[in-house]
Amino acid sequence: MSEARSTPVIRLTIDRQPHVAAQGATARQVLAAAGVTDAVAVRANQEEGLRDLSWLPTDGDRIESIPVATEEGRAVLRHSTAHVMAQAVTDLFPGTKWAIGPPIENGFYYDFDVERPFTAEDVERIEARMRAIVASRQRFKRRVVSADEARALFADQPYKLEVIEAATAGSVDDDEAVDAGPGTEITVYDNSVNTHVAWSDLCRGPHVPDTAHIPAFRLLRTAAAYWRGSERNPQLQRIYGTAWESEEALEEHLRLLAEAERRDHRRLGTELDLFSFPSEIGGGLAVWHPKGGIVRRVMEEYSRRRHEEAGYSFVVTPHITKAALLETSGHLQWYSQGMYPPMEMEGVRYYPKPMNCPFHILIYKSRGRSYRELPLRLFEFGTVYRFEKSGVLHGLTRARGFTQDDSHIFCTPDQLEGELTTLLQFVLDLLRDFGLTEFEAELATRPDKFVGEPDDWDDATQALRAALEATGVAYVLAEGEGAFYAPKIDVHVRDAIGRRWQMSTLQVDFQFPGRFDLEYQAADGSRPRPRMIHRALFGSIERFFGILLEHYAGALPAWLSPVQVTCIPIAERHVGYLAGVADQLRAAGLRVDVDTSDERMQKKIVRAQHEKVPFMLIAGDRDVAAEAVSFRYRSGEEKRGVPVGDALAEILQVVESRA
RNA sequence: GCCGGAGUAGCUCAGUGGCAGAGCAAUCGCCUCGUAAGCGAUAGGUCGCGGGUUCAAUCCCCGCCUCCGGCUCCA
């Protein structure tokens, strides 16, 4: 730097490279001098929080630039865009009270207390106003204020006052922390053009330097949300939006949203004639049509076989039970709001079951158990009923009646760790067989409110951790997120378009063995309590099916497809030949249709393509003469003149490999 | 459950205060065809349900039901 001669200099590290800068230079200036132009914020000295580009580094600071095209950078961008949105709302709806407006995955929101909910037209006007604000190149300027100054500034903003009080008391939650840093200092960001302050918000920051750094955004939808997330609090009007580092990135995100809509399992369920939710039966209660029923049966059969190979014992239990069982288990005390109400017969109350565990425990208890029998692995496709609030139902992934692939494993304390390890490996292997390959696990530890002995918790948590380490699956610690009766591993999967779904859960239970007074006879004649592991692998068949359907966009792999092969005659005279081919394929266990409709071949191809059938076998004169068929694959590729035996072998190979 | 939105043919959706429409699907007929939609005809509706306003309501108003987007909750 040329001015270094007359100005005191400071030594900095910028993105691990040493640099010299003039004292008093902003982070933005030193980054620019170092050739870094894509940053929206910086991290200083490996601190957790980020700083504005207007921050003044001092000698010896290590600076990490945060480019906009990173998750942290986008969060800064989205947070700033949320401010612009709040400013636009304030411009258009004077008197609006602001709550909070944090960045979230893929976007941002801001909650407002307004006279009436926003309409679609309001949102258009807000977005237009935002574009004007962005075009005016407003700056985001940070200033530190005292708690009293903040109270005065936001005297007419009751939600901000609450955040200020929470911040000064040091008790903010994560979302609110975005608006005011805990305890330390209270900061305000002024949005200004030249010296004119257009709008100010209580905010921890950081923010982009000015609105020229907001290249692409879109408002997406409005919704109601409770203040501080509690249904006892007033409902606020929330606007969701998204912001990206470029128009291209925004377009790509919008394309992904459209893709997700296209893959919606509820839409595919109707289009492919798999299942439906007749309103005559009631919300959240599915009926499975023949084609959906085939897929479900194949899934269950495969799972059953794998469980048998892994040493599980199949059990069957009823759908309803007397209240007493659920009193012993504690469900009536803890879970009654999630249960269907009881029905009374001969003066006794019976409940539809919300979970299978108490029933499996009674099987364990049906006679004395020896350590020689352990681990005892009970498995059931157990159908349960839970009364979900009407607003939360969502196709097959959130239903009121569903079938869990539920198992309960009873083992000795010594067996626990080994059992968990093989169990987790089993879970991951089976998910892979269904084509899900990206896993992320969470180890959820003891919550503030818990039952049992801390030592037991530590042992069980350690066993779960050992299982995670042994299988090598990536996991994060979810401190305090365990169930009140047990630590657990939750396995999440990423689907084909990157969405995260919670799938399997493994829990080590401290409650039930004691509540039901379970025991086994040990080799030394003592009668210790067994350990108990709860495990749902798919979670529920319905939910898993829905996720698979979205993962594959309806084009299920051949082994799961309801129709694996559609035979298409080119002309009516080829029907008889293809009927013979179809018989051969069926004899080999394949699910085959022959399209005998009075349509042209092209039309039949369209239909089979819409039905997402993996293999079309087409036959005309040339194929008949050669005792061959012609393939058309789901991809649109084709292969002509394949001898029937070869075609059968090829299809069987794909089906059996579950590819 | 709460806030907002939407309900028109099996599906996707137009439409208007004055006899209810399209495409696809379905049925029937003609065509017999070599890799993404052949031609014609027919049928299909209490315009979610109930009430109100009006000479007249699918349309405007009110209530309810169902679904959708969120919130809370959750497999």
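Within every chain, numbering begins at 1; the chains are lettered A, B, ... in the order of the sequence lines, protein sequences first and strands thereafter.
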Watson-Crick/G-U partner (both atom distances under 3.5 Å) of [N]:
N      : value
B:rG21 : B:rC13
B:rG63 : B:rC49
B:rU58 : none
B:rG40 : B:rC28
B:rC2  : B:rG70

Among [options], which nucleotide sits nearest the side chain of [X]?
X        : options                : answer
A:Val392 : B:rG70, B:rA36, B:rC73 : B:rC73
A:Arg573 : B:rC33, B:rC73, B:rA36 : B:rC33
A:Asp621 : B:rG34, B:rG38, B:rC71 : B:rG34
A:Ser540 : B:rA75, B:rU35, B:rG4  : B:rA75
A:Ala224 : B:rA75, B:rG69, B:rG70 : B:rG70

Let me spell it out: for each of A:Gly282 and A:Glu637, pick the nucleotide of RNA chain B with the closest heavy atom. Which residue's pick is nearer the 5' end? A:Glu637

For RNA chain B, whose closest nucleotide is more 5', that of A:Gly641 or that of A:Arg600? A:Gly641

We want to know whether [X] and [Y] form a side-chain donor-acceptor pair, criterion being a heavy-atom distance below 3.5 angstrom.
X        : Y        : answer
A:Thr403 : A:Arg296 : yes
A:His265 : A:Glu550 : yes
A:Trp501 : A:Asp495 : yes

Can you confirm if the NZ or CZ of A:Lys97 lies within 45° of the ring axis of A:Tyr159 and under 6.0 Å from the centre of its six-membered ring? no

Would A:Tyr240 pass as stacked on B:rG70, i.e. its ring centre under 5.5 Å from the base's six-membered ring centre and planes under 30° apart? no

Tell me: NE2 of A:His534 to P of B:rC74, nearest whole Å? 16 Å

